[in-house]
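Here the structure comes first, spelled out in structure tokens, and everything after it is commentary.
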There are 2 protein chains.
Amino acid sequence: MSVRSLCLAILSFGDATGYEIRKESTEGRFSYFDDASFGSIYPALARLESDGLVTVREEPQAGKPARKVYSITEAGRTEFINSLCEPQAADTFKSPFLLIALNAAQLPPEVIRRALERRKAQVHEELRLLTECENEECRHPGSDWTRNYGIACMNVTLAYLEEHGEALIKIAEDSAEQLAAAE
Amino acid sequence: MSVRSLCLAILSFGDATGYEIRKESTEGRFSYFDDASFGSIYPALARLESDGLVTVREEPQAGKPARKVYSITEAGRTEFINSLCEPQAADTFKSPFLLIALNAAQLPPEVIRRALERRKAQVHEELRLLTECENEECRHPGSDWTRNYGIACMNVTLAYLEEHGEALIKIAEDSAEQLAAAE
DNA sequence: GCCACCATGTAACACGTTACATGATTTG
DNA sequence: CAAATCATGTAACGTGTTACATGGTGGC
């Protein structure tokens, strides 16, 4: 998914500035789709505007640069919906954590411990984010469904980490002992 | 994770050619870490060799270009292990499927149905891949642990899709009906 | 007969990130 | 008082993809 489509997707849920789009895409609910930085978002928004898929209104502010609030147009909405109808790309899961886990026997137990803690913290944070807006105004059928999907996945992940984390540390400890004994 | 590290990671599990590395990274067990294409793998391997982190031996073949089999060196192994000890990046999950689900109320039921089927097929395929090598020679403690982690996650995903898939289709159908009634 | 698989490699191209430029306000 | 947050934007840079070039073998 390109930054262009990402902007359209976020704007289809409401007006936003480039700054806000970046936040949503790196931390917020839209981080499941793609994340992007300022350097790609601002040019993308400018192009969307010249293509007539979004409109801008400037809101001057004292001290700060004027906020440029973008709104999606009918044409933008149509392009967005059409893009969703095209054959979807595969979901991907990229896990630096699993690479560490895979090599547990070659790493110091301390590294494994840290990696587990970090991953648990991440999952907790994602769960917090998902349950947070459960009582908010942002409730429509699609978002309820996806939220519950996310919660189900994260809960299992967390349970697995908590139940089997010690076993992973043990792998590292055992092989460290064997190395020490061989010397 | 760069293609360079990816190559090192795969080679730390055994010798391979550039062609094989691409397969492992796009389809095989290493697709959880990153995937890369020929255009990035071949240059990366050449650089790794000139840096002394891998060695090559050519195996001539009739008709085809000679296979260039790469092996990791001690220096390569050290760099790989060290890279795993550095603070890990966060795991990421990118889901074109969830974007479709989120917008279920704006899409034709047929699109939702297709998206669900496609996602289910993907999860089935991942489960097949994970359970496949359960009885194989590729069994060491780290890979057992990560495999079981993967299986646990995929099973929940699949169960959720099977239990709640109909509800998602219903969201699309209901809103399509409302649109029709309004006309 | 055509397509997929094996097998390597290069060059043009697209895309996105990082760092820079600017600067007020709030929070610890 | 320093750091984070809000707020926009550009330019250099890095990295990776796509398409091309080449060509034999085996399955449908």
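Every chain is numbered from 1 and lettered A, B, ... according to where its sequence line falls, protein lines coming before strand lines. When reading the values below, keep in mind they use all heavy atoms of this one structure, side chains included, and skip hydrogens, waters and symmetry mates.
Take the nearest nucleotide of DNA chain D for B:Asp34 and for A:Tyr70: the residue whose nucleotide is more 5' is A:Tyr70. Along DNA chain C, the nucleotide closest to B:Pro43 and the one closest to B:Glu20 are compared, and the more 5′ of them pairs with B:Glu20.
Separating the CD1 atom of B:Ile41 from the P atom of D:dT15 is a distance of 16 Å, rounded to the nearest angstrom. Per the geometry, CZ belonging to B:Arg67 stands 17 Å off P belonging to C:dC5, to the nearest Å. Distance, B:Leu45 CG to C:dA7 C1': 13 Å, rounded to whole Å. Rounded to whole Å, atom C1' of C:dG9 lies 16 Å from atom CG of B:Leu48. Nucleotide D:dG14 holds its C1' atom 14 Å from the CZ atom of B:Arg4, rounded to whole Å. Rounded to an integer number of Å, the gap from CZ of B:Arg22 to P of C:dG9 is 15 Å. Atom-to-atom, CZ of A:Phe38 to C1' of D:dA12 comes out at 19 Å; the value is rounded to the nearest Å. Computed from coordinates, the A:Arg47 CZ to D:dG9 P distance equals 17 Å when rounded to whole Å.
The residue A:Asp35 sits close only to the backbone: its heavy atoms come under 4.0 Å of sugar-phosphate atoms, none of a base. Note on A:Ala46: nothing from the nucleic acid sits closer than 4.0 angstrom, heavy atoms only.
Proximity of A:Lys23 to the phosphate of D:dT5: no side-chain N or O atom is located under 4.0 Å from OP1 or OP2. OP1 or OP2 of D:dT8 has at least one side-chain nitrogen or oxygen of A:Thr17 nearer than 4.0 Å. Taking 4.0 angstrom as the limit, A:Tyr19 places none of its side-chain polar atoms (N or O) nearer than this to OP1 or OP2 of D:dT8. The side chain of A:Gln61 contributes an N or O atom lying less than 4.0 Å from OP1 or OP2 of D:dA7. Contact annotation: B:Ser2 does not reach the phosphate of D:dT15 (side-chain N/O to OP1 or OP2, under 4.0 Å).
Within 6.0 Å of atom CD in A:Glu74, 12 or fewer heavy atoms from other residues, nucleotides or ligands are found, so the atom counts as exposed in its surroundings.
Between A:Phe97 and B:Trp145, the ring planes are perpendicular. Angles over 60° get that label, and only those under 30° would be called parallel. Ring-plane geometry between A:Phe30 and A:Phe33 is classed as perpendicular, the angle between the planes exceeding 60 degrees on a 0 to 90 degree scale with a lower cut at 30.
Comparing C:dC5, C:dT17, D:dT17 by their nearest atom to the side chain of A:Ser40 picks out C:dT17. Residue A:Ser37 places its side chain closer to C:dT18 than to any other of C:dG9, D:dT17, C:dT18. The side chain of B:Tyr42 lies closest to C:dA7 when the candidates are D:dT17, C:dT18, C:dA7.
The main-chain N or O of A:Arg119 is never found under 3.5 Å from a side-chain atom of A:His124 such that the two would form a donor-acceptor pair. In this structure, A:Ser40 contributes its side chain and A:Ala36 its backbone to no donor-acceptor pair below 3.5 Å.
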